[in-house]
There are 2 protein chains.
Amino acid sequence: MIEGLRGAGLKLTPQRLAIVEAFADDPTHPTAQEIFERLRRRLPTMSFATVYTTLDTLAAAGLCAVRALSPGPARFDPNVAPHGHAVCDSCGALIDLPGRAARATAAPPAGFVVRAVETIYRGACARCRAR
Amino acid sequence: MIEGLRGAGLKLTPQRLAIVEAFADDPTHPTAQEIFERLRRRLPTMSFATVYTTLDTLAAAGLCAVRALSPGPARFDPNVAPHGHAVCDSCGALIDLPGRAARATAAPPAGFVVRAVETIYRGACARCRAR
DNA sequence: TTCTCTAATAAGAATCTTTCCTACTTGCAA
DNA sequence: TTGCAAGTAGGAAAGATTCTTATTAGAGAA
């Protein structure tokens, strides 16, 4: 993702490097709040707005994806390859589905140009079922 | 949906009837704000909070669905049958896909109990492409 | 029909999420 | 090293949703 920043003509700042490092290998799809809290220890002057703008910048450069699949805060996904998600109805957890999770069988609405097809499984995650 | 209210043991109030009437046959998936504005004319004393609580009540009773598939306000769907959606990247518009839009081909994550499978087409709606 | 109980509503405050604004700072090309 | 455009901090603002509390009113009981 760091090479991606450079390739997109974006400056490598300590804040950006820290944010990238904080979630580039994280499969849990953290929220901006969660990322911010991870960073406070190392960069106590970091502003919450910087987390948002940086994540938006990464998303605009195609280096991460914003996932808004359930009510509540958006979640950020370092995996920009097309893939589906399982979404927990009660806690909102987002879990990756491997590969192409479904084969589309319906025609899109008239005039709609499809950029990507996603599959979502809705239900209860293991942790919520345990309670 | 009105019979559904009665069947769920919920009181039939003018506010609830108006809200149901305002979007029961609406395929455009309005936001709470949009529903509120439609109702202001007829019920000028209606509170915005009432729109939210009523829609939540309907959703809890299984009489409508809350769709949060893109950033921005949640959209409300009178169609609770399983179906997919086309989501416009630029305006957030939600368009129903007919029938079962896809066949799931991936196993869910370990411990995850699937309640429903949804397909989402992401792209550009006709109106946004025209501009 | 009237009464009564309980659920529902209005109105605004509070909370949460996200974006905006502005002055200050800094990465990096020259 | 310097200069400037891009980036950041911090707080304010905007937008979305939920909560609080006093009041109102549906609907079953009498």
CG of B/L5 versus P of D/dG26: gap in Å, rounded? 14 Å
Could you check how far CG of B/L17 sits from C1' of D/dG26, rounded to whole Å? 11 Å
Pairs where residues 56-75 of chain B contributes a residue and the test side-chain hydrogen bond (donor to acceptor under 3.5 Å, both in side chains) is met, not counting sequence neighbours: B/R67-B/D77
Rounded off to whole Å, could you give me the CZ-to-P distance for the A/R75 and C/dT17 pair? 10 Å
Whole Å only: how far is the CD atom of A/E37 from the C1' atom of C/dT17? 14 Å
Just the table, please: protein N/O against nucleotides 4-6 of chain C N/O, every pair under 3.5 Å.
| unit_1 | atom_1 | unit_2 | atom_2 | d |
| --- | --- | --- | --- | --- |
| C/dT6 | O2 | B/K11 | NZ | 3.3 |

Roughly how many Å is it from CD1 in B/I2 to C1' in D/dG26, rounded to a whole number? 15 Å
Apply ring pair (Phe, Tyr, Trp, His ring centres under 6.0 Å) to B/H85 and list each qualifying residue two or more places apart in sequence or on a separate chain. B/H29, B/H83
Mind checking what makes side chain to side chain donor-acceptor pair (under 3.5 Å) contact with A/R115, not counting sequence neighbours? B/D89
A correct 5'-to-3' footprint of nucleotides 9-16 of chain C, with B, S and - meaning base, sugar-phosphate only and no protein heavy atom under 4.0 Å, is SBBB----
Closest-nucleotide ordering on DNA chain C, the 5'-leading residue of A/F76 and A/R6: A/F76
List in chain and number order the residues that pass side chain to side chain donor-acceptor pair (under 3.5 Å) with B/R42, two or more places apart in sequence or in another chain; answer none if no residue qualifies. B/E21
Nearest-Å distance, CD1 (B/I35) to P (D/dA16)? 14 Å
Measure from CG on B/L58 to P on C/dA8 and round the result to the nearest Å. 11 Å
Applying a strict under-4.5 Å side-chain criterion to I, L, V, M, F, W and Y, I'd like to know whether A/L63 and A/L12 cluster together. yes
Checking A/R38 now: which residues fulfil side chain to side chain donor-acceptor pair (under 3.5 Å) with it, not counting sequence neighbours? A/D26
For the residue pair A/L39 and A/A22, what are the closest heavy atoms and their distance? CD2-CB, 3.8 Å
With sequence neighbours excluded, what pairs up with A/F36 under the ring pair (Phe, Tyr, Trp, His ring centres under 6.0 Å) test? A/F48
For B/A59, side-chain contact (heavy atoms from CB on, under 4.5 Å) partners two or more places apart: B/C64, B/V66
In whole Å, I'd like the distance from the CG atom of A/L10 to the P atom of D/dA5. 17 Å
